[in-house]
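Working notes, beginning with the structure itself.
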Amino acid sequence: MADHFHLLVVGGGVIGLSVAWRAAGRGLKVAVADPAPASGASHAAAGMLAPVSEVTYTEEPLLRLGLASLERWPAFAAELADASGHDLDHRADGTLDVAFGSDDLAALDDLAAFVAKLGLSAERLTGRECRRLEPMLAPAVRGGMLAGGDAWVDPRKVTSALLTALERAGGTLVRARVAGLLTAAGAVTGVRLATGESVGAERVVLAAGAWSGSLPGMPPEALPPVRPVKGQIMRLRSPAPILRRCVRGVVHGSNVYLVPRGDGEVVLGATQEEMGFDTRVTAGGLWELLRDARELVPGVTELEVAEVVAGLRPGTPDNLPLVGPTIVPGLHMATGHHRGGVLLAPLTADLCSGESDPELSSICSPLRFQEHPPQELS
Ligand code: FAD
């Protein structure tokens with residue numbers, strides 16, 4: 001392919017497409033290379049935009065990124081819906097975290113106090129108040145916390161809208177696998193495709209999700225420590241909506257959540273497994289999901305199974321993404337978003353297209369895993 005781009009993005013999941021669309025909107029000549037766009041983790045994701053209910057005490061930097069991105073979601077969704085003509089099923093009705101036993105209730109009290117200390121909106125509720133909000137909840141639910149600012153979106157609608165919007169903004173989609181990087185004088189100057197063709201670019205952004213850590217031809221000093229974290233998830237079909245908002249809880253020690261879709265579907269997820277690049281859906285994985293979800297909302301077992309799927313989250317050692325320039329001139333990253341890539345897409349796109357926010361950029365800088373400071377960044 002005899003072409004030269006300002007920006008070439010490797011990987012067309014929610015992250016790569018968001019980065020490319022934003023950059024194209026700012027007047028750059030942009031391409032995305034992916035043999036199967038929107039087929040990775042973004043295809044499996046539930047789409048919760050839930051930094052508050054997902055918060056843990058040790059992950060305050062991640063919470064800061066999540067809140068900054070959540071704030072951008074309404075404008076991002078409106079702009080994307082307008083640019084593509086697609087509906088994204090973006091809803092902001094909050095997440096209800098529920099608890100059963102006294103240990104769970106104590107943990108929820110701690111979480112509510114922590115969230116309040118951070119100045120965030122969250123309301124502690126009794127079991128009865130929870131059931132008033134969500135009548136299908138199990139009678140055994142003894143209390144809950146409503147994170148009213150949390151939202152959700154349908155990630156498949158988002159990636160489909162991004163593909164349309166990118167094309168309308170003049171972006172190019174190259175349906176081919178990237179087999180290596182082109183370099184000259186120590187700088188990345190483009191990519192080599194599996195078809196044998198080369199594509200030149202002033203800047204290459206690695207956004208290949210869980211595959212980012214194993215892209216062939218990466219300079220060893222820039223190879224990101226990204227690993228696949230398997231998640232099995234299930235879509236159930238209901239003749240009428242059974243929930244008004246996202247519901248989550250800890251059952252048998254694992255997190256389980258249910259996310260309602262606009263068409264009545266309910267997404268039920270998700271397992272977290274360290275299984276390498278294995279995307280098999282297993283009987284045990286589905287059994288655990290159903291067993292735990294039934295404790296929260298007993299009626300789920302009556303619903304029709306619409307789909308079961310497994311995706312690979314791009315995990316990093318500190319659970320934070322890698323966004324920004326690397327030690328190698330011409331090579332940037334937008335990867336490692338682990339459990340929160342849908343949530344973090346608007347922020348990632350802004351940071352990759354020149355928005356200056358030193359605090360947020362330093363939290364997710366790829367340089368934290370690279371031994372030497374950069375000599376020269378493009
Ligand atoms: P992906 O969507 O995996 O895209 C990577 C792309 O790179 C793929 O299209 C692939 O084809 C391409 N690629 C790979 N290798 C190459 C190559 N050599 N050349 C070219 N292209 C290549 N996040 C949330 O915010 N909220 C949620 O509720 C949520 N739920 C989830 C539930 C499950 C079950 C899973 C698995 C994930 C969930 N996530 C959620 C996490 C979220 O899905 C990911 O963080 C996000 O999708 C990562 O996006 P990505 O674009 O980096 O990767």
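Whatever order the structure lists them in is the order used to number ligands and atoms, beginning at 1. All values below were derived from every heavy atom in this structure, side-chain atoms included, with hydrogens, water molecules and symmetry-related copies excluded.
The nearest heavy-atom contact from the protein to atom 34 (C) of ligand 1 is Gly231 O, 3.6 Å. At the top of the distance list for atom 4 (O) of ligand 1, counting protein heavy atoms only, stands Gly13 CA, 3.4 Å. For atom 28 (O) of ligand 1, the nearest protein heavy atom (residue, atom name, distance) is Met48 N, 2.8 Å. Of the protein's non-hydrogen atoms, the one nearest atom 25 (O) of ligand 1 is Leu343 N, 2.9 Å. Ala41 N, 3.6 Å is the protein heavy atom nearest to atom 1 (P) of ligand 1. The protein atom (non-hydrogen) at minimum distance from atom 46 (C) of ligand 1 is Gly341 CA, 3.8 Å. Among all protein heavy atoms, the one lying closest to atom 45 (O) of ligand 1 is His338 O, 2.7 Å. When only non-hydrogen protein atoms are considered, atom 38 (C) of ligand 1 lies nearest to Ala45 CB, 3.7 Å.
Under 4.0 Å from ligand 1, the heavy atoms of Ala33 that appear belong solely to its backbone.
At under 3.5 Å, not a single nitrogen or oxygen of Leu312, backbone or side chain, sits near a nitrogen or oxygen of ligand 1. The distance criterion of under 3.5 Å between nitrogen or oxygen atoms is not met by Trp211 with respect to ligand 1. For ligand 1, the polar-atom distance check against Gly311 finds no nitrogen or oxygen pair separated by under 3.5 Å. Ligand 1 has a nitrogen or oxygen under 3.5 angstrom from a nitrogen or oxygen of Asp34. At under 3.5 Å, not a single nitrogen or oxygen of Ala334, backbone or side chain, sits near a nitrogen or oxygen of ligand 1.
Salt-bridge check for Glu302 with Arg294: failed, with every basic side-chain N at 4.0 Å or more from each acidic carboxylate O. Salt-bridge formation is detected for the pair Arg261/Asp154: a Lys NZ or Arg NE/NH1/NH2 atom is positioned less than 4.0 Å from an Asp or Glu carboxylate oxygen. Under the 4.0 Å criterion applied to side-chain N and carboxylate O atoms, Arg91 and Asp93 are assigned as salt-bridge partners. Under a 4.0 Å N-O distance rule, the pair Arg368/Asp318 qualifies as a salt bridge.
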Dump the intermediate steps for side chain to side chain contact (heavy atoms under 4.5 Å, CB included) on Leu320 and Ile363, then the final yes or no.
CA-CA 8 Å; Leu320 289 163; Ile363 290 176; 3.9 Å; yes
Verify side chain to side chain contact (heavy atoms under 4.5 Å, CB included) between Glu134 and Leu258, making sure each step is shown before the conclusion.
CA-CA 12 Å; Glu134 294 295 347; Leu258 296 103; over 6 Å; no
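The nearest pair of heavy atoms linking Tyr257 to Ala46 is CE1-CB, 3.4 Å. The two residues His338 and Arg313 come nearest to each other via the heavy atoms O-CB, 3.6 Å. The minimum heavy-atom distance between His4 and Glu202, with the atom names listed, is NE2-N, 3.8 Å. Nearest heavy-atom pair across Val32 and Gly12 is CG1-CA, 3.7 Å.
Judged by the shortest distance from any of its heavy atoms, Ala210 lies outside the 4.0 Å radius around the atoms of ligand 1. At least one heavy atom of Gly340 sits less than 4.0 Å from an atom of ligand 1. Using 4.0 Å as the threshold, Thr335 has no heavy atom nearer than that to any atom of ligand 1. Within the 4.0 Å heavy-atom shell around ligand 1 one finds Tyr257.
Aromatic ring orientation, Trp21 versus Phe76: perpendicular (interplanar angle above 60°, classes split at 30° and 60°).
Set against the non-hydrogen atoms of Pro35, the atoms of ligand 1 under 4.0 Å away are 20 (C), 21 (N).
Both Leu173 and Leu28 sit in one connected hydrophobic cluster of ILVMFWY residues. Membership requires side-chain heavy atoms under 4.5 Å apart, directly or through other members.
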